[in-house]
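What follows is a single structure, written as structure tokens, with notes after it.
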Protein chains: 2
Amino acid sequence: MKDVATAAGVALKTVSRVVNEEPGVTPATARRVLAAIERLGYRRNESARLLRRGRTATIGLVIEDVGDPFYSGMGRAVEQVALAHGSLMFSGSSGEDPRRERDLVLAFCARRVDGLVIVPAGPDHGYLRPELDAGVAAVFADRPGGLDADTVLCANSAGAYAGVAHLLRRGHRRVAFLGDDPAIFTAAERLAGYRRALADAGLGADPSLVAMGPPERAGAALSAMLAGGDPPTAVFTGNSRITVAVLRAGHRPPLVAFDDFELADLLVPGVTVVAQDPMGLGRTAAELLFERIAGGRGPARRIELPTRLVPRGSGELPPAPGTAGPGHR
Amino acid sequence: MKDVATAAGVALKTVSRVVNEEPGVTPATARRVLAAIERLGYRRNESARLLRRGRTATIGLVIEDVGDPFYSGMGRAVEQVALAHGSLMFSGSSGEDPRRERDLVLAFCARRVDGLVIVPAGPDHGYLRPELDAGVAAVFADRPGGLDADTVLCANSAGAYAGVAHLLRRGHRRVAFLGDDPAIFTAAERLAGYRRALADAGLGADPSLVAMGPPERAGAALSAMLAGGDPPTAVFTGNSRITVAVLRAGHRPPLVAFDDFELADLLVPGVTVVAQDPMGLGRTAAELLFERIAGGRGPARRIELPTRLVPRGSGELPPAPGTAGPGHR
DNA sequence: ATGAAAGCGCTAACAT
DNA sequence: ATGTTAGCGCTTTCAT
């Protein structure tokens, strides 16, 4: 900038004026400055500018896995909103590891990001407290972070309820639930929705029809249930990895799956799903964030995004004859 | 920092020394400083630090779509390498729009990123010239950028060759090629591989068996071929979006597809693919980048990553009887 | 072992 | 309309 000023025979500040399109510069001078800029290949150092101005026009995104379709869709939406607000986006994957999440978040904060969108990897976000107090905005997405920050979730419980109710409506009375580790917020919520649906239909909860745990064990868990004395006639899976695990194990039961996935419509039968809205999640989270960055006050908000039931065949299958006939309880 | 210095009763520089773990500080003083840091909740401003030091410890990643599984897998690998080098990563999607790509790249350069990994959206990267001359490192991934920068590609031509040869080995003599717009580098390369495989097998190139264009038209293109007088007995698809379009259109021909995709193994029959290595692409690109950032000189390198043929059933089907019997030429 | 001063590249506030 | 000075938060250089 100094060089440009010298080359154009003006003071530093004039160059600054031109670069920032501030008023108070003769067209002629401006032209001389612009010529010098062009000739010297000058580019404003945005970092220095932002250091001076106090805002960084940068947000940080921490998700479980940048490579996962659900989260990367979310990331795409966050990116769009960020760009619309003239901000760039740091992104990083926590890999579901609370320590890595913390390191990433703190690294972003050290860069003085204006705000953070976080998919919490762990339950404890105490480390964020000082940062929030220091003025960083933060929004939790997909799961609550245990702090009084804005939070955007999917309607996990209501979605599971709708999916299970869909199966019950087809005449199923014994519906299995295959979910992830109940320590995971979404897994627990979906299980609750399943239970509520059964209860509302006047059905008791049979613990032998519920298996919670790592996706890679879901196939075996279902095999065991089906081999048991009083097997399920339909299955509700709690997330995509479990759904895929069940399908890979060769099972093709009447099925409703929580979370949509690529090509679900091409399988035979097509897989009926309770679709979430990853883009909506990202967009909403980012919009809340920028409201806060713009100075929005008020208590933390908690928004639940609706799910959508997409019938494709697997969820519309009736109970296999003989497995749960009339009189069966 | 000033506040910490005051609170600890030392000079600014001493705080700096402690924070940077530089030698020349008595353990006792260090302790006093650390206590003040803790008490005041001080966090070093990394941006200011990096402004002074001249490096930003930041790289930029520009891909087609952060939400696409292939590119987001690549991004994950780039991120890992970046973190291993103590750098953070800006990421952005070009959406295949050269102007957006340019804007993103320039925005990253204005933030003085140390380097860039770019999946080129357009053929013209002249705008990058001044930035490269200014010292930014850059690596092109997945497609060449038309500049003398390091480039990492998949073996598009060789991969297509292998896939087509696989079909020919099963007795197919009329293999259709459904590819994307040949203006896209990868599409053209894969077409070339297809042609080479036919030529090496002593087969002439039948233009009526080649359809290049947007994925959403691939289904109709294949339907037309199959309804023609001398239809193909097998199909090679040039990318995943085309593969899916063909399958969605209801076709289940003997098929080898370029690029792997989630659940290819669960379809009936399983889809035989020529798998690329998105993580390898990202890792290699990032490693080359950090070599350059570290000061590596020498001419631009061009690396091709091998593909892998994954037989799953669809590519092992013989010609349907009567469509291409002996004597047919 | 510790500190004072200069400066990274820029903008804000106040001259002229 | 243009220029000067101070300072964002830090590190570097050179004292002490």
Side-chain angles (χ1 to χ4, degrees), chain A residues 1-37 40-58 86 106-114 131 134-136, chain B residues 1-37 40-58 86 106-114 131 134-136:
Chain A
M1 194 146 173
K2 193 159 65 176
D3 297 345
V4 172
T6 313
V10 298
L12 200 71
K13 178 63 209 180
T14 303
V15 180
S16 173
R17 286 213 176 83
V18 172
V19 168
N20 292 311
E21 300 179 339
E22 283 173 25
V25 181
T26 331
T29 338
R31 218 159 321 123
R32 274 213 329 282
V33 171
L34 287 172
I37 286 178
L40 273 60
Y42 168 77
R43 298 276 192 276
R44 174 169 67 191
N45 183 329
E46 207 66 20
S47 308
R49 169 171 209 240
L50 296 166
L51 169 63
R52 183 65 240 240
R53 305 202 71 189
R55 270 198 43 195
T56 56
T58 305
L106 292 181
F108 291 164
C109 287
R111 294 299 227 289
R112 294 296 188 268
V113 294
D114 299 327
E131 314 297 334
V136 209
Chain B
M1 195 145 172
K2 193 159 67 176
D3 297 345
V4 173
T6 313
V10 297
L12 200 70
K13 177 62 211 181
T14 303
V15 179
S16 173
R17 286 211 177 85
V18 172
V19 168
N20 293 309
E21 302 180 337
E22 284 172 26
V25 181
T26 333
T29 335
R31 218 161 318 124
R32 275 214 327 282
V33 171
L34 288 171
I37 286 177
L40 272 61
Y42 166 78
R43 299 276 193 274
R44 173 169 68 191
N45 183 329
E46 207 66 21
S47 308
R49 169 172 210 239
L50 295 167
L51 168 63
R52 186 62 241 242
R53 305 201 72 189
R55 271 197 42 195
T56 56
T58 304
L106 291 181
F108 291 164
C109 287
R111 293 298 227 291
R112 295 294 188 270
V113 293
D114 298 328
E131 313 298 333
V136 207

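Naming convention: chains lettered A, B, ... in sequence-line order (proteins, then strands); numbering from 1 in each chain.
- For the pair Met1(A) and Asn45(A), the minimum side-chain heavy-atom distance is 4.5 Å or more.
- Minimum interatomic distance between Ala8(A) and Ala36(A) (heavy atoms only, all atoms of both residues): CB-CB, 4.0 Å.
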Show each protein N/O and nucleotides 14-16 of chain C N/O combination with a separation under 3.5 Å, one pair to a line.
none

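- Applying the 4.0 Å criterion to OP1 and OP2 of dT11(D), one finds that Ser16(B) has a side-chain N or O inside that range.
- Atom CG in Asp3(B) sits 10.0 Å away from atom CG in Leu12(B) (nearest 0.5 Å).
- The minimum heavy-atom distance between Glu131(B) and Arg43(A), with the atom names listed, is OE2-NE, 2.6 Å.
- The two atoms that bring Arg111(B) and Thr56(A) nearest to each other are NH2-O, 2.7 Å, heavy atoms only.
- Atom C1' of nucleotide dT2(C) and atom CZ of Arg32(B) are separated by 11 Å, given to the nearest angstrom.
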Between protein and nucleotides 5-9 of chain D, what N or O pairs are separated by less than 3.5 Å?
residue, atom, partner, partner atom, Å
dG7(D), N2, Arg52(A), NE, 3.4
dG7(D), N2, Arg52(A), NH1, 2.9
dG7(D), N3, Arg52(A), NH1, 3.0

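- The side chain of Thr29(A) places an N or O atom within less than 4.0 Å of a non-bridging phosphate oxygen (OP1 or OP2) of dT2(D).
- With rounding to the nearest 0.5 angstrom, the CG atom of Leu106(B) is 11.5 Å from the CD atom of Glu46(A).
- Nearest heavy-atom pair, Val10(A) versus Arg32(A), reported as atom, atom and distance to 0.1 Å: CG1-NH2, 3.5 Å.
- Closest approach of Ala30(B) to Val25(B), counting heavy atoms only: N-CG1, 3.8 Å.
- With rounding to whole Å, Leu50(B) atom CG is found 11 Å from dT12(D) atom P.
- Take the nearest nucleotide of DNA chain C for Glu22(A) and for Gly9(B): the residue whose nucleotide is more 5' is Gly9(B).
- To the nearest angstrom, C1' of dC10(D) lies 9 Å from CG of Asn20(B).
- Nucleic acid contact class of Val10(A) (heavy atoms, under 4.0 Å, all strands): sugar-phosphate only.
- Separating the CG atom of Asp3(A) from the C1' atom of dC8(C) is a distance of 14 Å, rounded to the nearest angstrom.
- The shortest heavy-atom contact between Ala48(B) and Leu51(A) is CB-CD1, 3.9 Å.
- Side-chain nitrogen and oxygen atoms of Thr14(A) include at least one within less than 4.0 Å of the OP1 or OP2 phosphate oxygen of dG3(D).
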